[in-house]
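Below is one structure, written out as structure tokens; the observations come after it.
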Amino acid sequence: MSRVFNYSAGPSMLPVSVLEQCAKEMLEYGDSGMSVMEMSHRSKAYDAIIKEAFATFRRVMGVPDNYKVLFMQGGASTQFAAVPLNLMKNGKADYVVSGEFSGKAYKEAQKYGDVKLLATSEDTNFDRIPTFKKEDVRPDADYVHICYNNTIFGTHFNAIPDTGDVPLVCDMSSCIMSEPINVSRFGMIYAGAQKNIGPAGLTVVIIREDLLGNARPDTPAMLNYKVISDGDSMYNTPPCYAIYVAGLVFQWVEQLGGLYELYEINKMKADILYTALEKTKIFQLHAQKDSRSLMNVTFRTGDADLDKKFIAEAAARGMVSLAGHRKVGGMRASIYNAMPMEGVRELAKFIKEFDEANA
Ligand SMILES: *Cc1c(COP(=O)(O)O)cnc(C)c1O
């Protein structure tokens with residue numbers, strides 16, 4: 001067996017200890033006589049698995065008691081519709097477009113109401129987080145939507161924006177559990193699992209209780225937060241196995257020391273790459289310094305052939321999936337929680353060598 005360092009933006013690396021535990025329990029979970037994949041979601045064994053996953057996630061994220069945690073399906077993209085369907089009770093919402101996914105969320109919301117573009121950085125190909133003032137938020141807007149970490153462009157909010165009394169709704173798909181977050185500053189947080197949580201197929205939603213129960217009458221039951229919440233995320237068959245793996249990842253985070261500890265490690269990991277890139281002659285960073293992501297590092301040489309050479313030579317050394325998204329070009333190193341420090345050091349070393357050989 002030879003595992004590579006996988007810098008994929010998602011699905012992405014999982015902790016080896018979690019994969020090993022999945023392997024160990026693959027044929028029989030506990031003394032149940034079956035795999036978690038084969039279990040009824042109504043069984044006692046599975047009930048314990050999902051309850052523990054909820055409880056561990058709440059502890060890790062510091063979710064206050066007046067918030068519900070929901071396990072849903074359909075990826076973060078399904079939330080682009082679920083958010084306006086559930087939360088637009090006045091039919092108005094304000095959106096910050098800081099990248100590809102927030103742009104998609106903005107477009108989807110327009111199907112359901114009056115949507116204002118609060119700020120965008122599209123003019124500079126999303127190389128920074130656009131700013132807005134509290135006064136720019138419409139006081140009668142039902143919510144303000146932002147994307148905290150822009151996976152494709154490699155940018156990240158460096159502070160939670162102040163939206164006054166208007167609830168803040170946030171897509172945290174690519175940065176959830178990478179840093180401590182004051183959940184009480186948000187009305188709702190959602191994240192697709194396949195970056196920092198576990199296998200694709202699971203979407204985690206954290207929502208303040210008073211925001212439940214305002215869904216449009218034509219909201220599909222499967223997208224209705226109240227319905228999902230009332231059914232303890234078992235209105236229908238949940239993505240059972242994905243939740244089981246996510247539960248193991250939550251435990252892994254807790255055993256590492258939680259989000260404060262992980263944040264220190266993540267800052268160190270990102271700093272190693274950014275510092276290495278800044279020292280080179282041939283590489284440029286896409287994101288402006290004050291908007292840099294700790295999870296997705298975007299860079300390029302400015303020469304498409306040289307970028308290809310870098311990606312191919314890195315792959316030959318066991319560092320894969322470094323190609324940037326077509327909207328940015330160049331390279332992207334996604335260094336989520338499960339990317340070991342060693343993977344970042346190896347990549348930094350190769351960046352230096354490649355620069356010396358090609359400058
Ligand atoms: C990956 C990603 C998405 C899309 O997630 P899906 O689960 O594929 O729908 C949305 N937003 C952000 C910030 C992402 O990183």
Side-chain angles (χ1 to χ4, degrees), residues 41 50-51 53-55 57-58 60-95 101-102 104-115 141-148 163 165-173 176-177 181-194 197-198 200-240 242-243 246-247 250:
H41 59 294
I50 193 170
K51 283 209 173 103
F54 276 125
F57 181 73
R58 292 191 83 102
V60 164
M61 288 290 292
V63 178
D65 289 343
N66 62 325
Y67 283 74
K68 293 277 187 210
V69 175
L70 314 177
F71 291 157
M72 297 182 69
Q73 305 191 49
S77 303
T78 299
Q79 296 302 317
F80 299 165
V83 166
L85 282 165
N86 282 275
L87 303 183
M88 253 191 202
K89 60 175 189 229
N90 299 322
K92 273 190 187 183
D94 295 359
Y95 276 68
F101 294 113
S102 52
K104 284 183 171 166
Y106 170 62
K107 213 172 143 209
E108 190 80 335
Q110 287 168 14
K111 294 177 185 168
Y112 303 106
D114 164 10
V115 178
D142 292 310
Y143 61 88
V144 171
H145 182 281
I146 62 170
C147 175
Y148 216 52
T163 55
D165 291 332
V166 179
L168 190 56
V169 173
C170 188
D171 178 355
M172 286 197 187
S173 294
I176 192 151
M177 292 199 313
I181 280 288
N182 183 353
V183 174
S184 69
R185 293 281 311 275
F186 298 87
M188 180 187 151
I189 292 167
Y190 65 92
Q194 67 273 26
I197 291 179
L202 166 67
T203 310
V204 176
V205 169
I206 308 172
I207 184 164
R208 214 172 63 208
E209 278 168 358
D210 65 283
L211 296 174
L212 292 170
N214 298 314
R216 286 162 56 120
D218 59 356
T219 303
M222 279 294 291
L223 298 188
N224 188 318
Y225 299 144
K226 182 82 171 49
V227 171
I228 302 302
S229 174
D230 287 349
D232 295 325
S233 299
M234 292 238 214
Y235 171 74
N236 75 327
T237 316
C240 303
I243 291 170
F250 301 153

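In what follows, every heavy atom counts, from backbone to side chain, and hydrogens, waters and symmetry copies are set aside. In this chain, residues are counted from 1 in sequence order.
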R58 side chain vs P64 backbone, donor-acceptor pair below 3.5 Å: yes
Parallel, tilted or perpendicular: ring planes of Y95 versus Y106, cut at 30 and 60 degrees: tilted
From N66 atom CG to L211 atom CG, the distance as rounded to the nearest 0.5 Å: 10.0 Å
P167 versus G187, closest heavy-atom pair with distance: CB-CA, 4.2 Å
For the student: nearest non-hydrogen atoms of I228 and F71, plus distance: CG2-O, 4.2 Å
Between CD1 on residue I243 and CD1 on residue I50, distance to nearest 0.5 Å: 4.0 Å
Exam field: side chain D142 to backbone K92, donor-acceptor pair closer than 3.5 Å: yes
Donor-acceptor under 3.5 Å (D171 side chain, S173 main chain): yes
Heavy-atom pair of closest approach, residues A141 and A93: CB-CA, 4.3 Å
Value rounded to 0.5 Å, distance of OG in S233 from CG in L70: 5.0 Å
Distance-minimising heavy-atom pair for M72 and M222: CE-O, 3.6 Å
Heavy-atom donor-acceptor pair, Q73 side chain to T237 backbone, under 3.5 Å: yes
Geometric class of the H145/Y190 ring pair [parallel <30°, tilted 30-60°, perpendicular >60°]: tilted
Parallel, tilted or perpendicular: rings of F57 and F250 (30°, 60°): tilted
Distance-minimising heavy-atom pair for A76 and G192: CB-N, 4.0 Å
Side chain to side chain, V204 and I197, heavy atoms closer than 4.5 Å: yes
Criterion side-chain contact (heavy atoms from CB on, under 4.5 Å) on I176 and Y148, from CA distance to verdict: CA-CA 9 Å; I176 192 151; Y148 216 52; over 6 Å; no
Min side-chain heavy-atom separation Y112-V83 under 4.5 Å: no
From CA spacing to verdict: side-chain contact (heavy atoms from CB on, under 4.5 Å), L87, N214: CA-CA 6 Å; L87 303 183; N214 298 314; over 6 Å; no
R208 vs K68, side-chain contact (heavy atoms from CB on, under 4.5 Å): CA-CA, chis, key distance, verdict: CA-CA 6 Å; R208 214 172 63 208; K68 293 277 187 210; over 6 Å; no
Taking every non-hydrogen atom, the tightest pair across E209 and D65: OE2-O, 3.7 Å
Straight-line distance of Y67 OH to I189 CD1, nearest 0.5 Å: 7.5 Å
Any side-chain heavy-atom pair of Q194 and L202 under 4.5 Å: no
Verdict with supporting geometry, Y143 and L168, side-chain contact (heavy atoms from CB on, under 4.5 Å): CA-CA 6 Å; Y143 61 88; L168 190 56; over 6 Å; no
Gap between atom OG1 of T78 and atom CD of E108 - 0.5 Å precision: 9.0 Å
Residue Y235 excluded, over 12 heavy atoms near OH under 6.0 Å: no
Donor-acceptor contact present, side-chain N86 to main-chain N224, <3.5 Å: no
